[in-house]
Protein chains: 2
Amino acid sequence: MAMQKKQQNFRQHLVRSGLKATRQRELIARAFFATNTHISAEALYRRVSGRDRRIGLVTVYRTLKLLKEAGLAHERQFGEGRALFEHASSERHHDHMICTHCGKIVEFENCEIEALQEEVARKLGFTIQYHKLELYGRCKECRADASGGTGRIRVVGAR
Amino acid sequence: MAMQKKQQNFRQHLVRSGLKATRQRELIARAFFATNTHISAEALYRRVSGRDRRIGLVTVYRTLKLLKEAGLAHERQFGEGRALFEHASSERHHDHMICTHCGKIVEFENCEIEALQEEVARKLGFTIQYHKLELYGRCKECRADASGGTGRIRVVGAR
DNA sequence: CTTAGTGCAAAAGATTTGCACTTGT
DNA sequence: ACAAGTGCAAATCTTTTGCACTAAG
């Protein structure tokens, strides 16, 4: 989905909900859609702050909440610390592989795993509503330099 | 592993690390090992508090950290809010299925899923260090009463 | 105009830390 | 004795909220 389209979807959601399309919301949404990684509220704030010094972190949090309600953003909690937000396009569900050394996040999907999850749930008498699968480890590059590492997550990018 | 044995393991870990076996640590560890569900620091604190009013929540947190270091406890973060701690026996790794309505937590293990995870990681050029798989949904009982529910997690037990 | 939005400061909630006092060894 | 532990209060850190002011429809 193109950025323009997403921006439009967001505006529609606002109108439908009787909310207003403000300068701040436009700017924050635009900055969010321009991202192609996972980004924290703080990091997104820094980006829009560069464009318009008057925007507050609080508004970023509030706008991200709206984006979630509009179905345009997903909030993820990897390890501890701040949440990261990613685009929630119409794409299928996916899971994440996170490098514990450099913080790189790779998305993947695997139907076989999903099927097995359903099977497990059925055996336990549960109906799955949603799930969370996160693989933590070392990416090729970080395995190569083998500089030890602490095992703690250090996100280099957006965090 | 019997409770007595775990208690002993903990004492050994303390000695090995040049730490002291205090009244508080003994009591907190005993209360933790007596648990057979997932318990929060707060809930564990309430339990030991009943036995000895003088013990502080801070000491519970510090002792849980020691138990983790001793390899006797695992810290889990389900949904948001406080962390839950579980026994880290010599048992194999397991994952969790959590009822979003009553908070029930069921453990399971599935080698096929684990194998597929390894395969995915290999294809992505990663080496897995650890993973987190959580299935959220409704248990049989909570599906039966079908009282709507908010989708938010409400843990009835220890939380 | 009238209702919603914004930004600041303050609150919240879970966990950690500084510090003076207490306790194992 | 002496290093380590404890409990309290205060600090952290991320996210949310109350409120007086501002702006969109």
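What you are looking at is a predicted structure, and each value in this text was computed from that prediction instead of being measured. Numbered from 1 within each chain, the chains take letters A, B, ... in sequence-line order.
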Rounded to whole Å, the OH-P distance (A:Y61 to D:dT17) equals 13 Å
Rounded to whole Å, please give me the gap between OH in A:Y45 and P in D:dT15. 15 Å
Under the side chain to side chain contact (heavy atoms under 4.5 Å, CB included) rule, collect the residues that match up with B:K123, sequence neighbours excluded. B:E119
Among residues 8-21 of chain A, which contact DNA chain C at a heavy-atom distance under 4.0 Å? A:G18, A:L19, A:K20
Length of the line joining B:R82:CZ and D:dT14:C1', which is rounded to integer Å: 17 Å
Can you list the residues that meet the side chain to side chain contact (heavy atoms under 4.5 Å, CB included) rule with B:Y45, with sequence neighbours excluded? B:E42, B:S49, B:L57, B:V60
Taken to the nearest whole Å, CG/A:L64 to P/D:dT14 is 15 Å
Mind calculating the distance between CD (A:E80) and P (D:dT12) to the nearest angstrom? 18 Å
Distance-only check: which donor-acceptor pairs under 3.5 Å involve side-chain atoms of residues 11-23 of chain B, not counting sequence neighbours?
{"unit_1": "B:R11", "atom_1": "NE", "unit_2": "B:E26", "atom_2": "OE2", "d": "2.8"}
{"unit_1": "B:R11", "atom_1": "NH2", "unit_2": "B:E26", "atom_2": "OE1", "d": "3.2"}
{"unit_1": "B:S17", "atom_1": "OG", "unit_2": "B:H13", "atom_2": "O", "d": "2.7"}
{"unit_1": "B:T22", "atom_1": "OG1", "unit_2": "B:R25", "atom_2": "N", "d": "3.2"}
{"unit_1": "B:R23", "atom_1": "NH1", "unit_2": "B:D52", "atom_2": "OD2", "d": "2.4"}

Got a sec? Which of residues 22-35 of chain B come in under 4.0 Å of DNA chain D, heavy atoms? B:T22, B:Q24, B:R25
Reading DNA chain C in the 5' to 3' direction, which nucleotide is the first one with an atom under 4.0 Å from a heavy atom of chain B, and which is the last? C:dA14 to C:dT25
By nearest-heavy-atom nucleotide on DNA chain D, the more 5' of A:E75 and B:I55 is B:I55
Taking every heavy atom of A:F126 against every heavy atom of B:I98, the minimum-distance pair comes out as CE2-C, 4.0 Å
